[in-house]
Every structure is written in C-alpha cells, then in structure tokens.
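What you are looking at is a predicted structure, and each value in this text was computed from that prediction instead of being measured. Order of the sequence lines fixes the chain letters, A, B, ..., with proteins taken first and strands second; residue numbering starts at 1 for each chain.
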Amino acid sequence: MLTEGQVILHEPLGDEEQKLRKLVLKSPIASKAEAGQFTAVQVKDSAVPSFDPLLRRPISLAGISSEKEEITLLYRIQGRGTEILARAQVGDRLSMMGPLGCGFSLPAEGELWLIAGGIGIFPLYPLAQKAMAQGLQVRLFWGAENRPFLESAGLTSWQALGIPIELSTLDGSLGHKGLVTEPVGNLLEKQEIRGNIISAATCGPKKMMQAVTELCLARQVPVQVSLEERMGCAVGACLGCAVALIDETGAKVHKKVCQDGPVFQGKEVVWDESC
Amino acid sequence: MLTEGQVILHEPLGDEEQKLRKLVLKSPIASKAEAGQFTAVQVKDSAVPSFDPLLRRPISLAGISSEKEEITLLYRIQGRGTEILARAQVGDRLSMMGPLGCGFSLPAEGELWLIAGGIGIFPLYPLAQKAMAQGLQVRLFWGAENRPFLESAGLTSWQALGIPIELSTLDGSLGHKGLVTEPVGNLLEKQEIRGNIISAATCGPKKMMQAVTELCLARQVPVQVSLEERMGCAVGACLGCAVALIDETGAKVHKKVCQDGPVFQGKEVVWDESC
Amino acid sequence: MNPVDLTTQLAGITLRNPIVTCSGTYGFGEEYAPYCPVDSLGGITLKGITPLPRLGNPVPRLAETPAGLLNSVGLENPGLEEFLKTYLPKVRQLPTEVIANISGFSLEDYVQLAQALQKDSGLAALEVNISCPNVKHGGMHFGTDPGSAEEVISAVKAATDLPVIAKLSPNVTDIVAMARAAQRGGADVLSLINTLLGMQIDIHQQRPVLANTFGGLSGPAIKPVALRMVWQVFAAVDLPIIGMGGIVTWQDAVEFLLAGATAVSIGTGNFVNPQAPLEILRGITDYCRQRGVASVGDLVGLAHS
Amino acid sequence: MNPVDLTTQLAGITLRNPIVTCSGTYGFGEEYAPYCPVDSLGGITLKGITPLPRLGNPVPRLAETPAGLLNSVGLENPGLEEFLKTYLPKVRQLPTEVIANISGFSLEDYVQLAQALQKDSGLAALEVNISCPNVKHGGMHFGTDPGSAEEVISAVKAATDLPVIAKLSPNVTDIVAMARAAQRGGADVLSLINTLLGMQIDIHQQRPVLANTFGGLSGPAIKPVALRMVWQVFAAVDLPIIGMGGIVTWQDAVEFLLAGATAVSIGTGNFVNPQAPLEILRGITDYCRQRGVASVGDLVGLAHS
Ligand SMILES: Cc1cc2nc3c(=O)[nH]c(=O)nc-3n(C[C@H](O)[C@H](O)[C@H](O)COP(=O)(O)OP(=O)(O)OC[C@H]3O[C@@H](n4cnc5c(N)ncnc54)[C@H](O)[C@@H]3O)c2cc1C
Ligand SMILES: Cc1cc2nc3c(=O)[nH]c(=O)nc-3n(C[C@H](O)[C@H](O)[C@H](O)COP(=O)(O)OP(=O)(O)OC[C@H]3O[C@@H](n4cnc5c(N)ncnc54)[C@H](O)[C@@H]3O)c2cc1C
Ligand SMILES: Cc1cc2nc3c(=O)[nH]c(=O)nc-3n(C[C@H](O)[C@H](O)[C@H](O)COP(=O)(O)O)c2cc1C
Ligand SMILES: Cc1cc2nc3c(=O)[nH]c(=O)nc-3n(C[C@H](O)[C@H](O)[C@H](O)COP(=O)(O)O)c2cc1C
Ligand code: FES
Ligand code: FES
C-alpha cells in the first residue's frame, strides 16, 4: 500500500543528545500492521522534487494503534536520510509504503523473552503489548551504551507494562555492567526456568543477535530475530537485501529481509556470512 | 565575495498568478554593487545538503541600498531553482556570490532611455535611480504581455519616479498595443528629438534587445544591452556563458556574460549567432 | 478530444503502451502489483536468469549515491529449472507482456536458456543480458566485445522462436559498434542501457561499501549517459530501442522517446516511487494530448530532426 | 597534537597539499582567487589550450542534470601564442604549482604545445588532455585507443622536460588498458577522470538542450564511476594518480585518497561552493588528525588492503 501519513506528533525522544525522535502519523497502515513490520518512508524536506537523496528509508513500526489509525516511528538521527526525516513538521504528509514484511509470530503459550540491543528495542514494544494481550508472560532484556540512552529510548513506557526487566549498560550506569547477553545467559542457566516453555525474540546489532541466538538454541529456546539490511525496493523485487539461511533440507538459500523478513527464525540464519 | 544574505522580506510581487517574488536581503553585497550587476545564489530549501539541484542561480540586483546594507532580488518562479528560492523564509541565510559582473555605465549627459521587455525591467530600476541622482533625464519604455503583469512587476514604483513612461502590451490592456520596439521606433523617428543626446539601456528577451539595438544604432543612439546565458561558475572560470562579439578590429571574439557582462555595448553583439 | 493511441509495436510484439519495467528491479512481476496494477503496464521484464541457480554476491549489495544507486546483486536467481517449474506458470498468467531476461557465462549457457524459452512459453520476448557488470567471470566479455556480442545474439536467435532483445552495456567505448554487432547477430530489438560500473568507499571503515567492491550505477545520475547512447544508436542503427537509465518522471520518459526509444523502461524509479510507471503513462498521455500528437509512436526520435 | 603533513609528491613535483583544481573549471587561476586564496591550494590546472585560438561551441553550453552538469564548451581558448604572451607571465606568478593542460587534433598539435612549454616556463607540469569529448574531429581518438594514447604521450614526453600527466577519458571499455598505454608512453602521473559523454533534451522545444547536442557530464553524479576507475588503475598501474570527478565535500576527497589517488582535483565542486577546496583541505586535515594519521600520503590506497 502506498499512502500518505500525516504527521500528528514529532518530537525528540528523551535527551536531545541521544538524537532520538518520536514520529506519530495518522496512517491507514495502522489498521493492517503487525508487530515487527516496517514502513518505507520517503525522506524529503521540500515540496520541490529532488533525487538526492534518492531512496526511501525502512523504519520499524514502534507503535500501532488501529483504533486511532496511528502509527509511531522511533528513530535515531544517523545520516542524511534520518536528518531529513527529522525535519518533518506536524501536518506534513509523508509518502509511505507499508505495512511491509513479515513480523513476529507469537508462541501459543509460556514465557516470551524480548532481548533488545540499543534502538533494537523499538519494534519490540508492540510485540510486548500483543503478547500480554494474549496472556503470555513477557520478560525484557535490554542492553545499551548507558543510562541516558535507556531512559531516553522509552524505559518508562516499558516499566509501565509491569513486566520483569533486566537492563545492561556498557558503562554500568544502569543495571548489569556489560553485555545484554550475560543476564540472558545467566537466567537460561538457572535450574528453575528449565521447565518453562520459553521463546525469545531479539532485535539489535547483528553480533548481539547472533550471540543471543546461540545462547537460546543451546537451551532449546526458539528465537526469532529481526534483521536489518540496506533496501532498494522494500517489496522483494530487487534482491538488494538478501540474507543467507539454511532451509529445512539443510541447503543454503537466500531470503529477502524486506519480504520474507525482517523477522526470521534464529536457527535458520547463517550468521558467519555476510550473505 | 562569498557571503550569507539574511532574508528580511520575501513576498509575492503583485498578483499571485504572475508568480513574481520580491526578496530583500541584508547583505554586504549592497555596499559594493552597481546597477546591472548580479548575484549567484545557492538554491536550497533544507539544512541537509543535497546535490540536486546542483548549481547556483544568477539573479540581477533589482534594488541596492548601501546605507541599509540591503539588496532586493525580483524574480519569476520558472523552474525548480526559483521554486526552491521561493521557499526561503524571513530570517533564513542564503549563500550568495557577488556583486558579480560588469553593470551599466552612465552617459555623462543627456537623456537615458531605458527599454525593458517583461522581467527585463528588474535590473533597470537601480540604474534609473542612479541616473536621476546624477541629473540625467530618464525615460522608460516597457513592454509586456498584459496589464496585470505590468502592474505586478512594479509599475507604481516606476511611476513614482516621475519620469516619462511609454507602456506596451501584447493584448493592448495597457498602453500601446504591440511590441515595445514600436513606441521606441516612433519616438526615434520624430524630428524634434534628433538634436538631443540620447543613449539607451535595454534588458529583456534576446530578440527584443536585438530589435532595440538595431533601431538605436540606425539613429546613432548608443545602446547597452544586458544579456542572459546559462552559468556554471559565474566568475569567468568555466566559459559556459560565452557570447559572440565583434571587437574594435572587427574580429569575432567570445566574451563571458558573467564576467565581461552581463552588460555589453549593443553595437558589439553578434545577434544572429547563438555564440 | 481524440484519445491518444498508446499501443506500441516492438518487432512483432504489441504492447498496450510504451511503459515497461527493467529486469532486476521488478522481481517476477508480482511484488509491485499492489502498488501499480500489472495490467496498466505495456510489459514487464523479469529478473535475469542463468542455467543454474545463483546465490549472488554477499551483502551489502546496495549503496546510495548522489541521485543514483549502486547494486551488486550479482545475478541472484533460482536457475532455469526452478524458473520453468515455479515462476513461468505464474508469470505467463500476468495480464501484460512478459519479457524474460537471460544471462550466461558461456555461449552454451545462453543457448540452453534460449532453447528452453520458446513462443509456447507464453513469454513475449527474450532479453539477452550481455552486460551485467557484476559477475567477475565472462559476463562482461560478451557485452564489451562486438564479435562476442554478435556471436551470442545469433546463437540465441537460432535457438528460440521468440523475438530477441539485445541488452547493451554502457561500459564501452563505442555503443554504436555494439548495437551494430547485435543487429548483425539478428537482434530484433535493442535495450539500453544497463548500469555503469561504479563504487563507493566507507571512509570510516576505510573499505568499499559494497561487499563485492564494484556495483552497477543506476538511477537519475546516469540519465544523461543513457539518453546520449539511445540518441547515438537511434541515429545509426535501424532497430527499435527500449530506452532506460534513470527514468523516474514522465518528462524523463518523453526525453527518451524524443531521443529515439520506441518504449521506455523503469528500473530504479520504481524504488523511488512505486507508482512511477502509472504517473509516467499519465504524463506521456497528457503531453501527447496537449500537443495534438495522435499516437505516442509519433514522438519517437522527433528531437533528431 | 602533531600537525598533519600535507605535502604531496607527484613525480618530482612537490605540492603543499593534495588539493588541486580541474582544467576548464578554474580559468587561468585568478577568477576564483577572491573566493579561495590561491596559496591555499596544492596546485591549479589551467584551461586546456590548443595551438590555434578556438571560439568553442555555440551556446547553450551548459545543462544541469540530477546531481550533475553537462558542458559543451568545446575547448574555447586563446591559443598557444596568446597563452604564452598574455597568460603565462601572469600564471607563473601565482603562489601555487601551476599545471598547463594541452589538447590537440593531431600528434603535431600536441608536440607543438609540448615544445613550447618547458621547465623554464615556470609551470610545474603538463597535463595532456587526450579525452575531451566535445571536439568532433580527432580529440576523442587519442583518448579511446591505447595505441594512439601511447603515441601521443611519448611524443609529448620527448618534446618537453616538464613532468607529463596523462588525463584519461572514462568513455572507454577498459580504463586500465588506457592507463597502461599512458605508462608505456612515459607518463609520470595519471589524471582521471574527464567527463562522461551525455546529453539532455528539451521536451518543450523537442531538441537537445546543448547546441552541440552532446556534452561532458561532471559533478557528484559521476563520482561512483570516477572512484571505480581510480581504484582499478591504482590496483594495476604503478603511477601516481590525480583523482577527480564529482568531488565537492571532504568526504568525497577522502574516498578518492583511500581508493588510490595521491592528489584530488576539484572541478564542478567549485561552482557549487567556491570555497570547496578550502573546506576539503580542512576536512582532510581533521580526518587525519582524528585518526592519528601523520601524513596525508598514508591514506593513499588504504581501502585496498
Ligand atoms: C527493516 C528495517 C527497520 C528499521 N527500523 C528502524 C527504526 O525503527 N529506527 C531507526 O532509527 N532505524 C531503523 N532502521 C535503520 C534505518 O533504515 C537506517 O538507520 C537509516 O536508513 C540510516 O540512517 P540514514 O538514512 O539517516 O543514513 P544515510 O546515511 O542517509 O543512509 C545512506 C544509505 O544507507 C542505508 N543504511 C544506512 N544504515 C543502514 C542500516 N543500518 N540498515 C539499513 N540501511 C542502512 C540507507 O537506507 C541509505 O540507503 C531500520 C532498517 C531496516 C532495514
Ligand atoms: C545575469 C543574469 C541575471 C538574471 N536575473 C534574473 C532576475 O533578476 N530575475 C529572474 O527572475 N531571473 C533572472 N535570471 C534568470 C534566472 O537565472 C533563471 O530564470 C533561472 O535560472 C531559471 O529559473 P529556474 O532556476 O527556476 O529554472 P530551472 O529549470 O531550475 O533551471 C535549470 C537550469 O537552467 C538554467 N536556466 C534556465 N533558464 C535560464 C535563463 N533564462 N538564463 C540563464 N540560465 C537559465 C538555470 O540556471 C539552471 O542551470 C537571470 C539570469 C542571468 C544569467
Ligand atoms: C537492483 C538491480 C538489479 C538489476 N538486475 C538486472 C538483471 O538481472 N539483468 C539485467 O539485464 N539488468 C539488471 N539491472 C539493470 C536494469 O535493468 C537497468 O538496465 C538499469 O538499472 C538502468 O535503469 P534504471 O536507472 O531505471 O534503474 C538491475 C538493476 C538494478 C538496480
Ligand atoms: C565547464 C568544464 C570545462 C572543462 N574543460 C576541460 C578542459 O579544457 N580540459 C580538460 O582536460 N578537462 C576539462 N574539463 C573536465 C574537468 O577537468 C574534470 O575532469 C571533470 O569535470 C570531472 O571533474 P568534476 O566532476 O569535479 O568537475 C572541463 C569540465 C567542465 C565542467
Ligand atoms: S529491498 Fe528489494 S528485495 Fe528487499
Ligand atoms: S559562467 Fe563560468 S565563465 Fe561565465
């Protein structure tokens, strides 16, 4: 679907120096979207056409409200694309494709562990909401640089969900000092959780997702991973966003992050190859 | 000089449908500029860099106030460049090169005829002001499409100068019905003006300036013409804006509109060649 | 007001209009269907196929450049067998003309592909990609040497009863020589241009952005080069041309028609605006109407006179 | 913090820094002086000269394209005699290294120009433009055929005691073959790239925008192609390279250094920002400082490893 989303709210998310933004749009995308899906938004800052920058930017749906027909995008200003996006004003209309891709699927029962690295937290919030609505137990592991980041990137909203949260920071300014994989590994080691039916969903830097996947699979915990790749078409037509997977027969195949993903089964991903 | 001009006023000039704009900028260019010179302004609509469109746009200085350090640009929205320019807000800073080129020179005495076609009127106003300040008699001939254009493009300011004005419109909605060259030719024909010392300055479409030049030269009236050409560097470095002239020795030479012009002696211009 | 005749004849194929989509940018025809109804297109060109399946190059495969896109997909495709089994039955149902695009690493590859794709496949034509710059071994050779180009086109021509479209690479000294070679080989149509070979460097990591180092440059950045080549070939070779390279707006498309393209193809433009083909079609139609041009074919090559 | 060593050695010429400006975009060195102090530049390259004066092509000579510029100036220049009389005395006073750029329509043209320009002229080097795409007769030939390129470079080399820079055209199938030919001819330095041949059409007037139909494409649009060619030539040929094509920002310049250029040259970028060379110099210096790179020369070709 190609539609225009109208900007309803656009504001810094937390500390200005984190360069995070919250963008809420009125959009028909809301009525069809699922947690883990994304939109490809045209970044332009002017009514006058320009081909530089050329491509749309993929951004995850970080909030989906079908009643209000609203979606929320959370993003970090990283390069020219997001810098331009950051200049959208309330009332502006942005050209958006979506909802795109295949999102997370929920387990039928048991405990769902969400394991986030940095801004990988963003697509997990609607997943947590949906899981809780379906009566699943949700637990969050979230690692990041430091406390100001965590507080800026939505910690209070997560705390408001009333779920168990394990935080890690590289500098120890909040929660465990170190990588998010450590608390995950520790809890997986514990005797008492062994009997539970646990599944996991992770989003964050590739190396972190790989480590999470290895930890989980070693304990027979199924894990879904949300991958990122540079995109051209965002609809499966250009093969720009390939990811290498091992299919059921053990053969190496390529799938498309934009269409077959961004969410894949961790056990299928071939991590050690770029593609 | 490369400086930033700060937008002080930016508003439609006359009827919206004429797509004319008045842009007043605080700029050090004002202190050095002469009538007939121009600036090369960067057209960008965003703080985020983009290379599309790539080039600066040459715009004549239509008002020069050295006391207030202000320059006025008058332009018509024609393509992408001027569309982007039209979006500049009061307070914005525009990157400008200038003052560029060689402007009009004033005769020592006598009557100065200004002959304008359409938006070619814009660079002539500061020339009229300067000529009158030096005690020259000034007369304006101005031809255009129709009355709404003339009224939008600054007729009242010209009338305020208290000089004789002959208007022409193609549709006859104001003044003489037809080309501006007709009243010019008629007056040149008249016996009584023969004795006067007359010189002329013209700006407008090329064909019109050619006709004006031929009329004037046939009556030994020296005429300066302000030429337009697509520009790359605007400082004489790229040879993109060449114009063919006949020099004193009768040889055909090329000069640069940006550096040697935009104002040339009409008698030197080789009209029938594009270059 | 009389309607504008948009039908376009390309060496025996009748397209409902001159808008087609580029190989490698439009998947197998279904991906963009929710954005741009397939039956509004004159035709689509499928992703390039090779005899054997190919995984293509490692990622990153894409890099954005000023008004352009670099890609190093590297001819990822399911291979001929899987194409015939899984894709062909679907694409032949599409309500538009479907052009297959074939690539190979040897003459035999091309012949094998051509033999498998005949008129009874339901395809409209065979586009022979002798120009993909991404494959290190062989691919480039056919596209840059006139002798080899002639050889591969004539072998394909002999192997299939479908009309043959030769897709030319811009990475050559003399595009007209390549076009003439394709004509000698028996090509029915010429398609130009493929991508220009380029690269980008990540100055933080101090290495090429694309895992494959080089990629093909497409998009508006290359439009002036594409247009020039269409112009040159139109002036020199008497074969219909499918023009492509940087077409995003209807004005771009009109430039190509005026330069001598009989049909225009949209590639990277779809990524920018998935409704680009529709908007281009509308724009061309209005342009013709406003100028009293009865048939879009009347525009072809008009800027030469 | 240690200062960064910016001095750059180019086949015996010492530049105070690796930033030079491109032939044809920087006039005879004085035009941009009010915007960018000449003594802040490593060097400047003069507008191309020919034995006889040339008026060049008719206007329009310029057209803006997406992130690019087409020009068909057509080698307008005062000719050798006038150059020696009027321009050389001035340019040899400029407080930077000055590179003359020569073009010809025959081997004899090049030899005549080279003979007239020796070390005692005060020039730093002679750049041989075998690549200008604007001149219909001859110009292109030297730039696209390795044999002719070798011949013209070796004739120039024999005729002057100045270091010889061969400026290569990108409009070729195999840039490495051209670079090797220039090396065989005795070139001391390679300079690449010149413009890509392109065109634009005015859809209202239904004719080419440029009076000359074709023009050379420069600016950011061509940067990926230029960078690729610098990379390929650096990997294959052991000669210093002056890299150019679309450099506007310091990041662009660093890409070229990492790809293998010893110096970088700014052309169209000056039109966009007449202080581009200054800003690029500052940016490169900071980049080196932040990464603890002692000498800018240490960046050259770094992305290959
Ligand atoms: C499925 C998906 C969901 C995403 N969701 C979010 C999100 O919710 N919030 C958020 O902040 N970011 C998200 N991203 C990343 C976002 O698209 C990139 O951060 C952004 O494109 C790079 O920032 P930029 O456009 O400002 O950089 P630029 O420098 O302008 O980008 C240059 C080019 O590189 C590509 N690129 C650069 N970094 C990345 C990257 N990490 N992944 C993919 N392409 C990249 C861009 O698409 C563009 O083509 C997502 C990416 C994907 C693939
Ligand atoms: C010395 C000089 C003084 C000028 N003064 C004025 C002025 O006071 N007011 C005004 O409205 N216009 C003026 N112009 C014309 C103005 O530069 C062009 O109108 C404008 O560049 C074209 O509009 P655009 O940029 O919106 O078009 P676009 O379509 O964005 O332009 C595309 C390209 O074509 C070039 N171009 C298009 N038309 C012209 C033209 N007529 N002359 C030169 N280049 C052109 C542009 O520079 C650009 O490179 C002047 C031109 C020159 C050379
Ligand atoms: C991602 C991508 C994949 C491509 N794959 C192919 C291909 O498989 N076969 C082919 O002949 N051309 C391929 N091309 C080239 C396009 O068909 C087209 O010739 C080129 O991109 C220029 O057109 P554009 O600027 O409109 O994209 C590909 C282009 C892109 C961008
Ligand atoms: C207006 C213009 C004139 C040029 N004239 C010459 C020339 O006389 N000799 C030459 O070798 N190159 C000439 N060039 C090519 C440039 O020197 C340079 O190789 C090319 O523009 C690519 O660099 P850029 O993208 O930074 O401009 C010219 C380029 C432009 C834009
Ligand atoms: S981005 Fe085109 S296939 Fe995924
Ligand atoms: S615009 Fe470059 S010389 Fe006039």
Under the side-chain contact (heavy atoms from CB on, under 4.5 Å) rule, what do C:Glu76 and A:Lys256 come out as? Steps first, then yes or no, please. CA-CA 11 Å; C:Glu76 171 167 350; A:Lys256 304 163 205 167; over 6 Å; no

In this structure, are over 12 heavy atoms from other groups packed under 6.0 Å from [X] atom [atom1]?
X	atom1	result
A:Lys22	NZ	no
A:Lys44	NZ	yes
C:Glu82	CD	yes
A:Arg80	CZ	yes
C:Glu81	CD	no

What part of C:Ala63 is in contact with chain A, defined as an atom under 4.5 angstrom from a non-hydrogen atom: side chain, backbone, both or neither?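 Both backbone and side chain.
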
Side chain, backbone, both or neither of C:Tyr35 within contact of chain A (heavy atoms, under 4.5 Å):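 Just the side chain, heavy atoms under 4.5 Å.
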
Look only at the side chain of C:Glu64 and the backbone of A:Pro53, and say whether a donor-acceptor pair between them is shorter than 3.5 Å.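 Not a single qualifying donor-acceptor pair exists.
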
State whether the side chain of C:Arg61 and the backbone N or O of A:Cys241 hold a donor-acceptor pair below 3.5 Å, judged by distance alone.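 Checking the backbone N and O of A:Cys241 against the side chain of C:Arg61, no donor-acceptor pair under 3.5 Å is found.
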
Is there a side-chain contact (heavy atoms from CB on, under 4.5 Å) between A:Leu2 and C:Asn273? Walk through the geometry before answering. CA-CA 9 Å; A:Leu2 180 73; C:Asn273 175 9; 4.1 Å; yes

Output the distance between atom [atom1] ([X]) and atom [atom2] ([Y]), rounded to the nearest 0.5 Å.
X	Y	atom1	atom2	result
A:Lys252	C:Leu55	NZ	CG	5.5 Å
C:Leu69	A:Phe51	CG	CZ	13.5 Å
A:Gln42	C:Phe271	CD	CZ	14.5 Å
A:Leu239	C:Asn57	CG	CG	11.5 Å

Stepwise, does the side-chain contact (heavy atoms from CB on, under 4.5 Å) test hold for C:Thr268 with A:Leu54? CA-CA 9 Å; C:Thr268 306; A:Leu54 187 68; 3.9 Å; yes

Do [X] and [Y] have side-chain heavy atoms sitting under 4.5 Å apart?
X	Y	result
C:Thr25	A:Cys238	no
A:Val235	C:Tyr26	no
A:Arg230	C:Val59	no
A:Met1	C:Pro34	no
C:Glu31	A:Cys233	no

State, to 0.1 Å, how close A:Arg56 and C:Pro274 come at their nearest heavy-atom pair, and which atoms those are.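 For A:Arg56 versus C:Pro274, the nearest heavy atoms are NH2-CD, 3.9 Å.
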
As an exercise: rank C:Thr249, C:Asn270, C:Val248 by heavy-atom pairs under 4.5 Å with chain A and give me the winner.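 Greatest number of close heavy-atom pairs with chain A: C:Val248.
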
